[in-house]
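Report on the following structure.
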Protein chains: 2
Amino acid sequence: MRTKPKILERRLVAQSRLFRVEEIDLEFSNGSRRTYERVPGGADSVLIVPMLDPDTVLLIREYGAGSERYELGLPKGVVERGEDPLSAANREIQEEIGYGARDLQIIHRLSIVPGYIQHHSLILLARDLYPSCLPGDEPEQIEVVPWRLDEIDALLARDDFDEARSIAALFLAMRVLEHEAL
Amino acid sequence: MRTKPKILERRLVAQSRLFRVEEIDLEFSNGSRRTYERVPGGADSVLIVPMLDPDTVLLIREYGAGSERYELGLPKGVVERGEDPLSAANREIQEEIGYGARDLQIIHRLSIVPGYIQHHSLILLARDLYPSCLPGDEPEQIEVVPWRLDEIDALLARDDFDEARSIAALFLAMRVLEHEAL
């Protein structure tokens, strides 16, 4: 394994309410130097694969301010300060899809763009759901879209189901379910 | 399908060399208003799944300035102005893994965080490789790591192979290969 580059200096170069951008000067073990921009980390997020039954996942459709369109994806949210990831996941699904889960399992941890952004999403498989609603901060009712796992080809063919994290999480969850079924 | 929210106003709230952050005021079709921050789009990127042979993908190990550690992942890069995605992909693999590809196929388009970031990555399956190097702007030689697809469980279990895009792309490519083999 290579020796990590030395971080020679960090400078805050831009800041908004949600985002901070740092410039870091790096010296690699071969002596070459680079200055990179990066978004340093905040809280982790959770992304939940909620199974209504062994064959059906619950997706949500909501507006993406980044993409400027309605997107199909998995429920998700930020782990609040003092909250553990399992509680955060159970809160988010009660806010977004109207179910809690008696069985929540962390199955993976994903980064988004490790070259530029310091952030991790924990992927949770949620099973044994029970109806339960919590008020969220959503601007409108989120549409819940049940999808059968044996129709995943049709889902992947859709233009509005394209988030890397949701696709990775769904494949990872299906893998856990398949391994359990063996 | 719901009516998209109206964008009432956009304001640039932070800017660095690489990143711009906008604030947008939205009015949803039910009348509720929200102000969100977002990173507006730049160029698309390409992420390549290069197959050395039908069973072996070529991964790279490089330092992630966001995560501050060495990461295993797929070769990738930005589509330059005036460049088409296939040429960009073939340039990136020659820069990063020392191969070009005679057979390049766009198999998917992924977003990263559609709630906040307007960016798309095209996923390409690269086959029929030939040795060819192009000089890149990398600070150090990138380590190329061949990985057999039948050992993907061991890859997914690694802490340093965690980028959502790379994991999604690998599953999507394996799906294309499996469908072809049927």
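Below, read A as the first sequence line, B as the second, and so on, with proteins coming before strands; counting in each chain starts at 1. Everything numeric here is computed off the predicted structure, so don't read it as measured data.
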Please classify the contact between A:Leu18 and chain B as side chain, backbone, both or neither, with a heavy-atom cut-off of under 4.5 Å.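 Contact with chain B involves both backbone and side-chain atoms of A:Leu18.
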Pick one of side chain, backbone, both or neither for A:Asp153, based on which atoms fall under 4.5 Å of a heavy atom in chain B.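 Backbone plus side chain of A:Asp153, per the 4.5 Å heavy-atom cut-off to chain B.
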Please rank [options] by heavy-atom pairs under 4.5 Å with chain B and give me the top one.
| options | value |
| --- | --- |
| A:Ser32, A:Gly41, A:Ser111, A:Ala14 | A:Ser111 |
| A:His120, A:Glu22, A:Glu68, A:Gln141 | A:Glu68 |
| A:His179, A:Arg109, A:Arg17 | A:Arg17 |
| A:Ala65, A:Ser67, A:Gly66 | A:Gly66 |
| A:Leu170, A:Ile117, A:Val39 | A:Ile117 |

With only heavy atoms counted, which part of [X] is less than 4.5 Å from chain A, the side chain, the backbone, both or neither?
| X | answer |
| --- | --- |
| B:Asp159 | side chain |
| B:His119 | neither |
| B:Tyr63 | side chain |
| B:Glu62 | neither |
| B:Val13 | both |
| B:Glu23 | side chain |
| B:Ile24 | side chain |
| B:Leu156 | both |
| B:Arg34 | side chain |
| B:Glu27 | neither |

Got a second to check how far A:Ser45's OG is from A:Arg165's CZ, nearest 0.5 Å?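 Output value for this atom pair is 5.0 Å.
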Could you tell me whether the side chains of B:Ser16 and A:Glu37 share a donor-acceptor contact shorter than 3.5 Å?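 Yes, a side-chain donor-acceptor pair sits under 3.5 Å.
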Regarding A:Asp53 and A:Thr56, do their side chains bring together a donor and an acceptor under 3.5 Å, going by distance alone?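 A pair is found: one side chain offers a donor N or O, the other an acceptor, under 3.5 Å apart.
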Are [X] and [Y] within salt-bridge range, i.e. N to O under 4.0 Å?
| X | Y | value |
| --- | --- | --- |
| B:Asp25 | B:Arg10 | no |
| A:Asp162 | A:Arg69 | yes |
| A:Glu9 | A:Arg11 | yes |
| B:Lys76 | B:Glu96 | no |

Does B:Glu180 have more than 12 heavy atoms from other residues, nucleotides or ligands lying within 6.0 Å of its CD?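 Atom CD in B:Glu180 is crowded, with more than 12 foreign heavy atoms closer than 6.0 Å.
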Of all the heavy-atom pairs spanning A:Leu129 and A:Arg102, show the shortest one and how long it is.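 The pair with the smallest heavy-atom distance is O-NH1, 4.0 Å.
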Please report the closest heavy-atom contact between A:Gly73 and A:Ser166, naming both atoms and the distance.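 The pair with the smallest heavy-atom distance is CA-OG, 3.7 Å.
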For the pair B:Phe171 and A:Phe171, name the ring-plane relationship: parallel under 30°, tilted 30 to 60°, perpendicular over 60°.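 Parallel: the ring planes of B:Phe171 and A:Phe171 meet at under 30°.
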Do A:Lys4 side-chain atoms and B:Tyr70 backbone N/O form a donor-acceptor pair below 3.5 Å?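 Checked: no pair found.
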Which one wins on heavy-atom pair count under 4.5 Å against chain A: B:Pro114, B:Pro5, B:Ser29?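 Heavy-atom pairs under 4.5 Å are most numerous for B:Pro114.
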Look at B:Gly31, B:Ala169, B:Ala168 and state which one has the largest set of heavy-atom pairs under 4.5 Å with chain A.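 Greatest number of close heavy-atom pairs with chain A: B:Ala168.
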